[in-house]
Number of protein chains: 2
Amino acid sequence: MSLRDIARLAGVSVKTVSNVVNGYAHVSPETRAKVEKVLAELDYRPNLSARNLRRGRTGVIALALPELDAPYFAELSRFVIDAAAEHRWLVVIEQTDGGLDRERQALDGVRDHRVDGVILTPFAIGAEELAARTDDTALVLLGERIHDGPADHVAIDNVRAARDVTEHLIGLGRARIAALGAQDNSASGTAPLRLAGYRQALAEHGLPETVAKVERYHRAEGAAAMAGLLALDPRPDAVFCFNDLLALGAMRTILAAGLRVPEDIALAGLDDIEDGRYSTPTLTTVAPDKAELARIAVDLLRQRIDGRPGQPPREARAGYRLVPRESTLGR
Amino acid sequence: MSLRDIARLAGVSVKTVSNVVNGYAHVSPETRAKVEKVLAELDYRPNLSARNLRRGRTGVIALALPELDAPYFAELSRFVIDAAAEHRWLVVIEQTDGGLDRERQALDGVRDHRVDGVILTPFAIGAEELAARTDDTALVLLGERIHDGPADHVAIDNVRAARDVTEHLIGLGRARIAALGAQDNSASGTAPLRLAGYRQALAEHGLPETVAKVERYHRAEGAAAMAGLLALDPRPDAVFCFNDLLALGAMRTILAAGLRVPEDIALAGLDDIEDGRYSTPTLTTVAPDKAELARIAVDLLRQRIDGRPGQPPREARAGYRLVPRESTLGR
DNA sequence: GCGACTGTTTACAACGTTGAAACAACGTTG
DNA sequence: CAACGTTGTTTCAACGTTGTAAACAGTCGC
C-alpha cells in the first residue's frame with residue numbers, strides 16, 4: 001500500500017496524493033476530498049524508510065545512557081521519550097554500562113543507523129575523544145559535565161546542589177559529615193562536582209572531611225562503603241551520598257547494624273528517585289527537575305538538527321530543589 | 001558518502017562495493033582489498049533508510065509497555081535491549097501508561113515507523129481487539145496473559161507463582177493472609193491470575209480470603225490499600241502483594257504505623273525488583289527470570305518475522321523462583 | 001483575442017541500496 | 001573443440017517518497 005496504489009484508485013498522480021498527505025495548500029477541494037477518501041479507506045501510512053531516504057532524516061534519536069535499570073535513568077528516559085514524542089521522534093535506547101568501549105559503540109552503532117541525533121550521558125568517555133569525533137550527527141550531553149565540552153550540554157548545577165545538601169546537614173547540628181560516592185574511574189562523571197560542593201560547604205564551616213569512594217552508583221556499593229564508614233572511630237553522624245541508590249544501600253547497612261536514621265546518622269542522597277519516597281525512613285534528597293532536563297536536552301537537539309552546523313556548543317541548566325525528608329528530620 | 005562514492009574511488013561498480021560490504025563470497029581478493037581500503041579510509045556506513053527501503057526491513061523493533069520508570073519494566077527493558085542487540089536490532093520504547101488509547105497508538109505509531117516487530121505488554125487492550133487488528137507486523141505479548149490469545153505470548157506461570165507465595169506465608173503459620181493488588185480496570189493484566197493462585201492456596205488450607213483492590217501497581221496505591229487493611233479487625237498477619245512496588249508501599253504504611261515486619265505482619269511481593277533487596281526489612285518475593293523472558297520474547301519475534309505468516313500463536317513459559325527474605329523470615 | 005498571471009496537477013529525477021539478470025573470462029568436461 | 005559451469009563483475013530496475021520544473025486550465029486586464 002503505497003502512494004502509487006492510492007493514486008491509481010483515486011485517479012490522480014502520485015505527487016498529488018503526496019501533496020494531500022503533506023498538507024500542500026494548492027489542491028482543489030474536490031481532489032483533496034477524493035484522495036482523502038481513498039487514503040482513509042485503505043488506511044494509508046507513509047513508508048518512513050522511503051520518506052527518510054528522500055528527506056535525509058530518520059525521525060529517530062538515540063538516548064545513550066549507562067543503564068536503564070538504574071531508577072534515575074529510567075525516570076529520565078520516560079521524560080525524554082515523552083519530550084521526543086512531541087517532535088514525533090522515536091527514541092532508541094542504547095546502554096553503555098558506563099564502559100568506554102560501549103560508549104564508543106553507542107556513538108558508532110548509532111551512526112550505523114543514521115539517527116538524527118544522540119543524547120548521551122557520558123561516563124567513561126573523555127572530552128578530548130568526544131571533541132575529536134568525526135561524526136557530525138547532532139549530539140547533546142546530558143547530566144554530566146565535561147568542562148568546556150565539545151557539544152551542547154544540559155545538567156543541574158551539581159556543585160551548588162551538593163553544597164545545599166551539605167549545608168542542610170550542617171544546619172542539623174551534625175559535625176562529622178561524610179561524603180559517599182567519590183570516584184576515580186570516570187572521565188566525565190559528576191562525582192568531582194558533587195565532591196567540590198561538599199567540600200565548599202564544609203570549608204565554610206571549618207568542618208573536617210571524610211570521603212568514601214565507590215566505583216559505580218549502585219545500592220550494593222553504597223551498602224559496602226557505608227560499612228567502611230561505620231568502622232571509623234568516631235563514626236560519622238551524617239552522610240551525604242552522591243546519589244539516592246548509594247543512600248538506600250547505605251541506609252540498609254546502617255539499619256541492619258542496629259543504628260537509627262536519622263538519630264544516629266542522618267542520611268541524604270541526590271536524584272529523588274521514587275524509592276526514596278517510600279523507604280523507612282523516607283530519604284532526604286535533591287530533586288533535579290527531570291522533565292526540564294529532558295525537555296531542554298530534546299530542544300537543544302532539535303535546534304542542533306535544524307540549525308546550521310558549526311554553531312558553538314551551548315550550556316544549559318535545569319532547576320533542582322532540596323527535599324528534606326525523614327532521613328534527616330525524623331518523624 | 002555512499003556506495004557510489006566508494007565505487008568511484010575504488011574504480012569498481014556500485015554493486016561490487018555492495019557485495020563487499022555484505023560479505024558476498026565471489027569477490028576476488030584483490031578487488032575486495034581495494035574496496036575495503038577505500039571503505040575504511042572514508043569510514044563508510046550504510047544508509048539504513050535506503051537499505052531498509054530496499055529490503056523491506058527496518059532493523060528496529062518496538063517495545064511497548066505501560067511505564068518505563070516502574071523498576072520491573074526498566075529491568076525487563078534492559079534485557080530486551082540486550083537480547084535484541086544480539087540480532088542487531090535496535091529497540092524503540094513506547095510508553096502506554098496502561099491506557100487503551102495509548103496502547104492503540106503504540107501499535108499504530110509503530111506501524112507508521114514500519115518497525116519489524118512489536119513486543120507489547122498489554123494492560124487495557126483486550127484480546128478481541130488485538131485479534132481484530134489488520135496490521136500484519138510481527139507481535140509478541142509479554143508478561144500478561146490473554147487467554148487463547150491472538151499472538152505469541154511469553155510469561156511466567158502466574159497462578160502457580162502466586163500459589164507458591166501464598167503457601168510460603170501459610171507455612172509460616174499465618175492464618176489471616178490478605179491479597180493486595182486485585183484490579184478490575186484491566187482487560188488483560190495479571191491480577192486475575194495472581195488472585196486465582198492466592199485463592200487456590202487458601203482454599204486448600206481452608207483459610208479465609210481478604211482482598212484489597214488497586215488501580216495501578218504503584219507504591220502509592222500499595223501504601224493506601226495497606227492503610228485500609230490495617231483498619232480491619234482483626235487485621236491481617238500476612239499480606240501477599242501482587243507486585244513488589246505495592247509491597248514496598250505497603251511496607252512503608254506498616255512501619256509508619258509503628259508495626260513490625262514480619263513480626264506483626266509478614267509481607268511478600270512479586271517481581272524481584274532491586275529495591276526489595278535493600279529495603280529494611282528486605283522483601284520476600286518471586287523472581288521471574290527476566291533475562292529468559294526477554295530472550296524468549298525476542299526469539300519468538302525473530303521466528304515470527306523470519307517465518308511464514310499464518311503460523312498459529314505460540315505460548316511460552318519462563319521460569320521463576322521464590323526468594324524468601326526478611327519480610328517473611330525475620331533476621 | 002492576446003499575453004500575463006494564478007491555481008492546480010503532473011512528469012521526472014533522485015535519495016542509497018540490493019536482487020535479478022546479464023556478461024566476460026576462464027577452466028572443465030564429454 | 002564446442003558446450004557447459006564457475007567465478008567475478010556489471011547493468012538494470014526497483015523499493016516509496018518528495019523537490020523541481022514544467023504543463024495545463026482558467027481568469028483577468030487590456
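The figures here come from the full heavy-atom set of this structure, side chains too, leaving out hydrogens, waters and symmetry mates. Sequence lines set the chain letters: A, B, ... in the order given, protein chains first and strands last, and positions in each chain run from 1.
The pair B:Lys34-B:Glu30 fails the salt-bridge criterion, with no side-chain N (NZ, NE, NH1 or NH2) lying under 4.0 Å from an Asp/Glu carboxylate O.
To the nearest 0.5 Å, the span separating NE2 on B:His153 from CG on B:Leu300 amounts to 10.0 Å. Interatomic distance, CZ of B:Arg216 versus CZ of B:Phe123, reported as 5.5 Å (0.5 Å rounding). In this structure, CD1 in B:Ile93 is found 10.5 Å from CD1 in B:Ile119, a value given to the nearest 0.5 Å. One distance of note links CG of B:Asp306 with CG of B:Leu301; it measures 9.5 Å at 0.5 Å rounding. Summarising the geometry, atom CG belonging to A:Asp43 is positioned 7.0 Å from atom CE belonging to A:Met1; distances are rounded to the nearest 0.5 Å.
In this structure, C:dA25 and D:dT6 make a Watson-Crick or G-U wobble pair, each of the two defining distances being under 3.5 angstrom.
Looking at B:Asn19, B:Ile6, B:Val35, B:Val20 one by one, the single match for side-chain contact (heavy atoms from CB on, under 4.5 Å) with B:Val12 turns out to be B:Val35. For the side-chain contact (heavy atoms from CB on, under 4.5 Å) with B:Arg78, the qualifying choice from B:Ile81, B:Val80, B:Asp82 is B:Asp82, the only one to do so. The only option from A:Thr96, A:Thr121, A:Leu76, A:Asp97 that meets the side-chain contact (heavy atoms from CB on, under 4.5 Å) definition with A:Leu65 turns out to be A:Thr121.
Note: CG (B:Leu3) to P (C:dT18) measures 6 Å, nearest angstrom. Rounded to whole angstrom, the span from the CG atom of B:Leu53 across to the C1' atom of C:dT18 amounts to 10 Å. The nearest whole Å value for the distance from the CZ atom in B:Arg57 to the C1' atom in C:dG19 is 15 Å. Protein atom CG of A:Asn52 is 10 Å distant from nucleotide atom P of D:dT18, rounded to whole Å.
Within the nucleic acid shown, B:Ser18 comes within 4.0 Å of at least one base atom, counting heavy atoms only.
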Could I get a table of every N or O pair under 3.5 Å where one atom is in the protein and the other is in nucleotides 22-26 of chain D?
none

Produce the list of close N/O pairs, under 3.5 Å, pairing protein atoms with atoms of nucleotides 7-13 of chain D; give distances to one decimal.
residue, atom, partner, partner atom, Å
D:dG8, OP2, B:His26, ND1, 3.4
D:dT9, OP1, B:Ser28, OG, 3.0
D:dT9, OP1, B:Thr31, OG1, 2.2
D:dT9, OP2, B:Ser28, N, 2.8
D:dT9, OP2, B:Ser28, OG, 3.4
D:dT9, OP2, B:Thr31, OG1, 3.3
D:dT10, OP1, B:Ser13, N, 3.4
D:dT10, OP2, B:Ser13, N, 2.9
D:dT10, OP2, B:Ser13, OG, 2.9
D:dT10, OP2, B:Thr16, OG1, 2.4

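Looking only at distances, no side-chain donor or acceptor of B:Glu292 sits under 3.5 Å from a matching main-chain atom of B:Ala318.
A perpendicular orientation is assigned to the rings of A:His26 and A:Tyr24, their planes being inclined by more than 60° (bins at 30° and 60°).
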Annotated protein contacts, base or backbone, on nucleotides 21-29 of chain C with a non-hydrogen cut-off under 4.0 Å, one of B, S, - each: ---------
